[in-house]
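These notes concern the structure reproduced below.
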Amino acid sequence: MSLPRVRAPRALVALLLWPGVLLGQGSDPGPLADARRGIERGNAEYVAAFAKADADGVASVYDADGVRLGDDGKVLRGRGAIASDLRGFLQAVGPVTVTLATATVWLVDNLAYETGTWSYTFTPKGKDQEHVGGKYVSTWIRQADGGWKIRSDLAVPGT
């Protein structure tokens with residue numbers, strides 16, 4: 001016995017096969033692929049710096065005017081403020097295992113918008129291991145050298 005074949009309308013098939021739908025927004029996958037590679041490199045640097053408890057290393061992934069928006073309402077602008085804030089956290093917990101999973105990237109001119117999920121695993125001094133996580137939205141800006149840095153970073157509250 002064979003199963004009946006379902007025929008999808010040609011317009012739907014064409015839409016699903018169109019590169020802009022599968023890769024994010026935009027019709028040219030070249031610039032989007034470049035942005036994705038830059039984001040992957042930046043995310044790898046971010047993860048590695050947290051694993052070393054290196055606040056300056058984490059902050060270096062941000063644009064000079066980058067903004068870190070905390071789900072507690074805290075706004076940190078610039079690498080110095082971001083590093084200073086992280087330094088206190090990292091001194092209290094030591095190395096942090098960070099997992100980032102990019103869900104979607106959109107590209108508009110020199111800005112890339114990334115959504116995904118994050119998790120941090122760490123052990124505060126004298127306490128049990130903790131695990132926190134949720135969803136995030138990051139905006140990346142292309143740098144003069146062609147690289148990508150985080151322009152704004154937001155952990156989505158309530159996730």
Side-chain angles (χ1 to χ4, degrees), residues 8 11-90 93 95-122 130-159:
L12 176 61
V13 172
L15 180 65
L16 291 174
L17 294 177
W18 183 54
V21 171
L22 296 177
L23 298 174
Q25 304 303 315
S27 60
D28 183 355
L32 180 62
D34 174 65
R36 281 183 168 273
R37 283 190 298 274
I39 289 169
E40 288 170 5
R41 277 192 296 275
N43 283 342
E45 291 173 22
Y46 184 94
V47 167
F50 263 109
K52 297 177 194 170
D54 178 5
D56 292 321
V58 174
S60 74
V61 179
Y62 288 80
D63 180 65
D65 295 320
V67 177
R68 187 174 170 104
L69 305 164
D71 59 3
D72 59 356
K74 188 186 299 187
V75 176
L76 301 167
R77 179 181 281 277
R79 291 181 187 138
I82 292 167
S84 178
D85 185 68
L86 287 174
R87 200 168 288 114
F89 170 70
L90 291 170
V93 303
V96 178
T97 300
V98 175
T99 303
L100 300 172
T102 300
T104 306
V105 174
W106 296 268
L107 181 63
V108 179
D109 301 324
N110 68 341
L111 293 175
Y113 301 86
E114 175 196 19
T115 63
T117 57
W118 63 275
S119 71
Y120 290 2
T121 303
F122 53 90
E130 293 185 30
H131 179 80
V132 296
K135 295 180 181 179
Y136 69 89
V137 176
S138 294
T139 305
W140 295 75
I141 187 165
R142 187 186 323 268
Q143 303 294 291
D145 67 1
W148 292 86
K149 297 285 185 181
I150 298 171
R151 181 64 175 186
S152 62
D153 189 25
L154 166 69
V156 179
T159 61

(Q) Run the side-chain contact (heavy atoms from CB on, under 4.5 Å) test on Thr115 and Trp106 for me, step by step, so that the C-alpha distance in whole Å, both residues' side-chain angles and the decisive distance to 0.1 Å come before the verdict. (A) CA-CA 9 Å; Thr115 63; Trp106 296 268; 3.6 Å; yes
**Q.** side-chain contact (heavy atoms from CB on, under 4.5 Å) between Leu76 and Tyr62, intermediate numbers included
**A.** CA-CA 11 Å; Leu76 301 167; Tyr62 288 80; over 6 Å; no
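Ion pairing between Arg79 and Asp56 fails under the 4.0 Å rule for side-chain N and carboxylate O.
The minimum heavy-atom distance linking Gly66 with Ile82 is given by the pair O-CD1, 3.9 Å. Taking each heavy atom of Glu114 and Asn43 in turn, the nearest pair found is OE2-ND2, 3.1 Å. Nearest heavy-atom pair across Trp148 and Leu111 is CZ3-C, 4.2 Å. Between Lys135 and Trp118, the shortest heavy-atom distance links the atoms O-NE1, 3.3 Å. Heavy atoms only, all atoms of each residue included: Lys74 and Asp85 are closest at NZ-OD1, 2.9 Å. The minimum heavy-atom distance between Leu86 and Val58, with the atom names listed, is CD1-CG1, 3.3 Å.
How far CD1 of Ile39 is from CG of Leu100: 11.5 Å, rounded to the nearest 0.5 Å. Note that CZ of Arg151 and CG of Asn110 are 9.5 Å apart. Values are rounded to the nearest 0.5 Å. Taking OG1 from Thr139 and CG from Asp63, the interatomic distance works out to 11.0 Å, rounded to the nearest 0.5 Å. Taking CD1 from Ile150 and CH2 from Trp140, the interatomic distance works out to 4.0 Å, rounded to the nearest 0.5 Å. Here Ser152 contributes atom OG and Asp65 contributes atom CG; the two are 12.0 Å apart, rounded to the nearest 0.5 Å. Arg37 contributes atom CZ, which lies 9.5 Å from atom CG of Leu32 (distance to the nearest 0.5 angstrom).
Under the 4.5 Å side-chain criterion, counting only non-hydrogen atoms from C-beta, Glu130 is not in contact with Val93.
Of the possible donor and acceptor atoms, one in the side chain of Ser60 sits under 3.5 Å from a partner among the backbone N and O of Gly57.
Using the six-membered ring where Trp is involved, Phe89 and Phe122 have ring planes that are perpendicular, over 60° apart on the 30 and 60° scheme.
Considering Leu154, Asp153, Val75 in turn, Asp153 is the only one that fulfils the side chain to side chain contact (heavy atoms under 4.5 Å, CB included) rule with Arg68.
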